[in-house]
A.B. asks: 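Just dropping this structure here.
Counting convention: from 1, in listed order, for ligands and their atoms alike. One is the number of the first residue; the rest follow in order along the sequence.
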Amino acid sequence: MAPASSAWPAPIEGSEILTKTKVAVIGCGFFASNHLNAWNELPGADLVAVCDLDESKAADAAEQFSVPAMFTDAAQMIAQVKPDLVDIVTTMVSHRKLVELCAASKIPVIVQKPFGPTLEDCTAMVEVCRGAGTMLMVHENFRFQNPMRRIRAVLDAGTIGDPVWGRISFRTGYDVKAGQPYLFDEERLIVLDLGIHLLDLARFFFGEVETLYSRHARIDQRVSGEDMATIMLGHGSGATSVVDCTYESRQRPDLFPQTSVTIEGTKGALDLKSDFRLSISAGAEHRVEDVSTPLRAWTSQPWHIAQDSVYDTQAHALSALAGGFAPETSGADNLKTYALVEGAYQSAKSGECVRF
Ligand code: NAD
Ligand code: 89V
């Protein structure tokens with residue numbers, strides 16, 4: 001199957017729509033402030049309610065983001081507010097029940113990555129939304145980062161020919177566990193938390209995967225799962241890619257949360273390195289593009305690139321909903337990325353190559 005195109009219908013502008021999409025957010029923890037800021041900035045969205053099991057978090061979010069209603073019970077919120085779209089920003093264990101709740105009321109839903117704790121849960125979520133005839137999108141934001149869209153556009157233009165080899169790399173020593181302490185206890189850590197983004201990018205750039213071999217290690221002895229992974233993918237297109245990630249790199253400068261991408265093609269090559277410089281070579285031609293994006297009022301370094309892509313991911317969700325098309329990172333699409341995560345754990349355990 002050909003990789004997805006870089007183009008998607010333009011984000012909704014306020015002037016193009018008669019009514020705004022009423023959005024309700026479930027989960028007001030560490031990462032939710034980015035979703036809430038983005039919903040408030042998106043002209044097509046009206047943030048109508050927030051919900052968190054922890055009342056103080058729901059109340060703080062409602063106050064900080066000027067949201068008119070707050071709840072501690074998602075079912076109550078849905079019954080009372082009847083939102084047009086629910087955005088689930090909780091950790092994965094709660095996703096299935098919350099998605100089922102939305103599907104029961106035929107409400108379109110976006111759910112943060114990782115989609116769920118198991119492939120069985122993810123498949124059940126896809127089925128229940130399919131049965132209800134409602135949109136299910138996974139908030140897989142890395143492919144919506146500006147540099148990644150630009151790389152996809154360069155590939156689509158044929159500038160470097162057909163991709164034959166690539167590396168997608170995220171190596172950091174940044175203390176992610178300070179903001180996300182639940183990561184200490186994850187039995188399946190870096191592939192499910194971070195590798196999932198990179199495996200999705202591998203599909204985005206090189207198409208579907210036929211073979212996978214993975215090797216994992218645990219460097220920080222305080223965590224339960226693996227915190228270093230190196231995955232080799234064989235794509236149906238004939239290309240080979242390497243996905244590698246760690247939360248225990250000692251490299252300086254530390255590029256967190258930037259993803260490095262190298263792609264070699266039949267006619268040229270591209271390389272995304274530090275400072276968001278994209279180097280593109282084809283024959284005698286060589287140019288370096290600045291693929292950074294300006295800060296928004298609510299984004300800041302070092303998180304800016306990740307925060308900024310939250311806006312574009314949510315803009316895509318609004319466009320999909322208004323246009324009646326499946327989002328690029330629909331639940332059904334994300335099952336393919338999730339299958340690679342499962343494959344990585346299977347391969348690391350068995351020491352063998354996994355075939356899809
Ligand atoms: P968190 O634990 O800080 O916040 C989750 C919140 O959800 C908590 O306040 C919790 O009380 C609430 N919650 C849980 N179950 C609920 C329920 N049934 N109803 C209402 N509220 C409920 O977690 P976080 O760090 O904000 O992460 C949330 C998700 O976002 C995770 O899946 C994480 O992997 C993901 N994440 C994604 C990115 C990205 O770039 N895409 C970055 C960071 C985190
Ligand atoms: O994407 C995530 O969930 C985050 C981070 C970007 C730090 O890896 O854990």
Side-chain angles (χ1 to χ4, degrees), residues 24-36 38 49-61 70-78 86-102 109-117 121-122 137-145 148 169-186 188-201 223 225 227 229 245-249 254-259 299 302-314 329 334 337-338 341:
V25 171
I26 304 176
C28 303
F30 170 74
F31 202 66
S33 60
N34 301 308
H35 290 237
L36 294 163
V50 285
C51 172
D52 199 295
L53 293 173
D54 180 335
E55 190 172 358
S56 65
K57 286 190 184 175
D60 287 352
M70 56 146 280
F71 296 83
T72 53
D73 183 289
Q76 251 180 36
M77 178 179 79
I78 287 170
V86 167
D87 184 20
I88 299 172
V89 202
T90 61
T91 50
M92 62 185 170
V93 282
S94 51
H95 289 177
R96 182 168 170 180
K97 276 202 172 134
L98 292 169
V99 167
E100 286 170 351
L101 187 68
C102 295
V109 58
I110 315 175
V111 60
Q112 253 292 353
K113 51 61 61 182
F115 194 1
D121 285 322
C122 301
M137 174 172 169
V138 176
H139 185 109
E140 177 41 76
N141 53 326
F142 273 37
R143 67 161 70 191
F144 290 101
Q145 291 176 8
M148 305 309 160
S169 179
F170 190 120
R171 311 191 72 80
T172 186
Y174 183 87
D175 188 6
V176 292
K177 294 173 297 266
Q180 297 165 264
Y182 50 85
L183 294 177
F184 277 108
D185 300 323
E186 294 297 347
R188 309 200 297 172
L189 176 52
I190 203 161
V191 177
L192 189 51
D193 184 60
L194 175 67
I196 200 164
H197 290 301
L198 311 182
L199 290 166
D200 187 67
L201 283 175
V223 299
D227 52 12
C245 50
T246 183
Y247 286 145
E248 293 300 325
S249 172
D254 192 314
L255 297 184
F256 178 87
Q258 196 177 344
T259 306
T299 66
W303 280 91
H304 165 62
I305 184 72
Q307 294 171 313
D308 195 55
S309 64
V310 167
Y311 180 94
D312 288 320
T313 308
Q314 294 178 185
T329 57
N334 202 257
T337 296
Y338 203 94
V341 169

A.B. asks: Say whether, by atom type as modelled, one donor and one acceptor occur between the side chain of Thr246 and the main chain of Asp227 under 3.5 angstrom.
C.D. replies: yes
A.B. asks: What are the polar N/O contacts of ligand 1 with the protein below 3.5 Å, with distances?
C.D. replies:
residue	atom	partner	partner atom	Å
ligand 1	3 (O)	Phe30	N	2.9
ligand 1	9 (O)	Asp52	OD1	3.3
ligand 1	9 (O)	Asp52	OD2	2.6
ligand 1	9 (O)	Lys57	NZ	3.0
ligand 1	11 (O)	Asp52	OD1	2.6
ligand 1	21 (N)	Leu53	N	3.2
ligand 1	25 (O)	Tyr182	OH	2.7
ligand 1	26 (O)	Phe30	N	3.2
ligand 1	26 (O)	Phe31	N	2.8
ligand 1	27 (O)	Tyr182	OH	3.1
ligand 1	32 (O)	Thr90	O	3.4
ligand 1	32 (O)	Lys113	O	2.8
ligand 1	34 (O)	Lys113	O	3.2
ligand 1	34 (O)	Lys113	NZ	3.0
ligand 1	40 (O)	Asn141	ND2	3.1
ligand 1	41 (N)	Gln112	OE1	3.4
ligand 1	41 (N)	Asn141	OD1	2.8

A.B. asks: Out of Thr329, Asp200, Asn334, Asp193, which one pairs with Lys113 under the side chain to side chain donor-acceptor pair (under 3.5 Å) rule?
C.D. replies: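 So, applying the side chain to side chain donor-acceptor pair (under 3.5 Å) to Lys113 and each of Thr329, Asp200, Asn334, Asp193, only Asp193 qualifies.
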A.B. asks: Look at the rings of Phe256 and Tyr174 and say which category their plane angle falls in: under 30° parallel, 30 to 60° tilted, over 60° perpendicular.
C.D. replies: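 The arrangement is parallel - the two ring planes meet at less than 30°.
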A.B. asks: So, applying side-chain contact (heavy atoms from CB on, under 4.5 Å) with Ile88, which one of Ile110, Val25, Leu98 is it?
C.D. replies: Leu98
A.B. asks: Protein residues near ligand 2, heavy-atom distance below 4.0 Å?
C.D. replies: Lys113, Val176, Gln180, Asp193, Leu194, His197, Tyr247, Phe256, Trp303
A.B. asks: For the side chain of Asp121 and the backbone of Arg96, is there at least one donor-acceptor N/O pair under 3.5 Å apart?
C.D. replies: no
A.B. asks: Determine whether a donor-acceptor pair (N or O, by modelled atom type, separation under 3.5 Å) exists between the side chain of His304 and the backbone of Thr299.
C.D. replies: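 Side chain of His304 to backbone of Thr299: no pair is present.
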A.B. asks: Would you please name every residue forming a ring pair (Phe, Tyr, Trp, His ring centres under 6.0 Å) with His197, sequence neighbours left out?
C.D. replies: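 Per chain and number, His197 pairs via ring pair (Phe, Tyr, Trp, His ring centres under 6.0 Å) with Phe142.
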A.B. asks: Roughly how far apart are Cys28 SG and Glu55 CD, rounded to 0.5 Å?
C.D. replies: 11.5 Å
A.B. asks: Listed by chain and number, what are the ring pair (Phe, Tyr, Trp, His ring centres under 6.0 Å) partners of Phe184, not counting sequence neighbours?
C.D. replies: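 Here no residue qualifies.
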